[in-house]
There are 2 protein chains.
Amino acid sequence: MPSRIAVAKELAEIFKVIAHPDRIRLIEELRNNEMDVGGLAKLLDIPQTRMSQHLAMLRAYRLVEERRDGRRHCYSLAHPELATWITSGIDVLEARPTSLNAEDIHEVRELWS
Amino acid sequence: MPSRIAVAKELAEIFKVIAHPDRIRLIEELRNNEMDVGGLAKLLDIPQTRMSQHLAMLRAYRLVEERRDGRRHCYSLAHPELATWITSGIDVLEARPTSLNAEDIHEVRELWS
DNA sequence: AACATGTATGCAAATATTCGCAGATGTTAT
DNA sequence: ATAACATCTGCGAATATTTGCATACATGTT
């Protein structure tokens, strides 16, 4: 298989893994801190079991790392540049007409940096 | 809705639009040239009707622009930085253990820049 | 040991995406 | 007008993703 096709396929997979609102937020929450599953679930206001599923997926693709502390499982980004790369996608998003208003984008850019 | 959630949702949508091997390759092919539907379809070796569907999606999200020239529809990137941003995702991809080998990644990085 | 706590996993239903095919639309040539 | 060409659209079947729920697992506490 020509390398272009292989790389495009792999990239598409990564994009798919990231392409979920919960997972994007979760990655951004991990930008600076490590956090346990329950904490993340509460932060995003989703059931713990769903958070676990998201984390399992990110773990499978080695985008996050797990550290056990007693009965808590603490997660952190395997490569913090990941969060940076995602936020830089906001620029692409901003360059298009969008349903979001400029203040929202600005506010989040502050929060996620 | 808190702005973080709105932005994450919007970002996830964009990620989803991009998260397809054909669409990633097609965007990279448009990096420097504008091209018509048939040309792109032949390049990626997929049926023209499928290429049309991909392009309709990218068009709906205003990631590409259409210019008509006689009976041909020529497409180009609405924001060429899009291609750059995608390729910079290769760095994330490279930082993880992957099924791809380093030469493939290197070769594509050359091709797509 | 029994129990509580924090996470993970398996499975099925709901939902969304992908893809091929058949037909519609618009353009140029004869 | 008819034909040929380039592309688009609608729709259904195959496939993949998301989600909730029930339950299993591991660790710490009593």
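No experiment lies behind these values; they were computed from the predicted model shown.
With rounding to the nearest 0.5 angstrom, the CG atom of B/Asp22 is 9.0 Å from the CD1 atom of A/Ile5. Interatomic distance, B/Glu10 CD to A/Ile24 CD1, rounded to the nearest 0.5 Å: 10.5 Å.
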Within the sub-3.5 Å range, which N or O atoms of nucleotides 25-30 of chain C have a protein N or O partner, and how far apart are they?
none

Inset, instruction - Start with the C-alpha gap between B/Thr49 and B/Gln53, add the side-chain angles, then the distance that decides, and say whether side-chain hydrogen bond (donor to acceptor under 3.5 Å, both in side chains) holds. - result: CA-CA 6 Å; B/Thr49 188; B/Gln53 284 167 331; 5.0 Å; no

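When the P atom of C/dT18 is taken as reference, atom CZ of A/Phe15 falls 14 Å away, rounded to whole Å. Per the geometry, OH belonging to B/Tyr61 stands 12 Å off C1' belonging to C/dT17, to the nearest Å. Taking atom CZ on B/Arg67 and atom P on D/dA6, their separation rounds to 16 Å, with Å as the unit. Distance A/Glu66 CD to C/dA8 C1': 9 Å, rounded to the nearest Å.
Using a distance-only test at 3.5 Å, with no hydrogens or angles considered, a donor-acceptor pair links the side chain of B/Trp85 to the main chain of A/Trp85. Formation of a donor-acceptor pair under 3.5 Å by the B/Arg23 side chain with backbone atoms of B/Val17 is found in this model.
The aromatic rings of A/Phe15 and B/Phe15 are tilted relative to each other, their planes meeting at an angle between 30° and 60°.
Near DNA chain C, meaning a heavy atom under 4.0 Å from it, residues 72-80 of chain A has A/Arg72, A/His73, A/Tyr75 in order of number. Within residues 29-56 of chain B, the residues approached by DNA chain D to less than 4.0 Å at the level of any non-hydrogen atom are B/Asp36, B/Val37, B/Gly38, B/Gln48, B/Thr49, B/Ser52, B/Gln53, in residue-number order.
Smallest separation of non-hydrogen atoms from B/Ala83 and B/Leu77: CB-CD1, 3.8 Å.
Under the rule for a ring-ring contact (aromatic ring centres under 6.0 Å, His included), A/His73 has no partner lying at least two apart in sequence or in another chain. By the side chain to side chain contact (heavy atoms under 4.5 Å, CB included) test, B/Thr87 pairs with B/Glu28, B/Arg31, B/Ile90, B/Trp112, sequence neighbours left out.
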Can you give each donor-acceptor pair under 3.5 Å made by side-chain atoms of residues 34-46 of chain A, sequence neighbours left out, with the distance rounded to 0.1 Å?
{"from": "A/Glu34", "atom 1": "OE1", "to": "A/Arg67", "atom 2": "NE", "distance (Å)": "3.2"}
{"from": "A/Glu34", "atom 1": "OE2", "to": "A/Arg67", "atom 2": "NE", "distance (Å)": "3.3"}
{"from": "A/Glu34", "atom 1": "OE2", "to": "A/Arg67", "atom 2": "NH2", "distance (Å)": "2.4"}
{"from": "A/Asp36", "atom 1": "OD1", "to": "A/Gly39", "atom 2": "N", "distance (Å)": "2.8"}
{"from": "A/Asp36", "atom 1": "OD2", "to": "A/Arg72", "atom 2": "NH1", "distance (Å)": "2.6"}

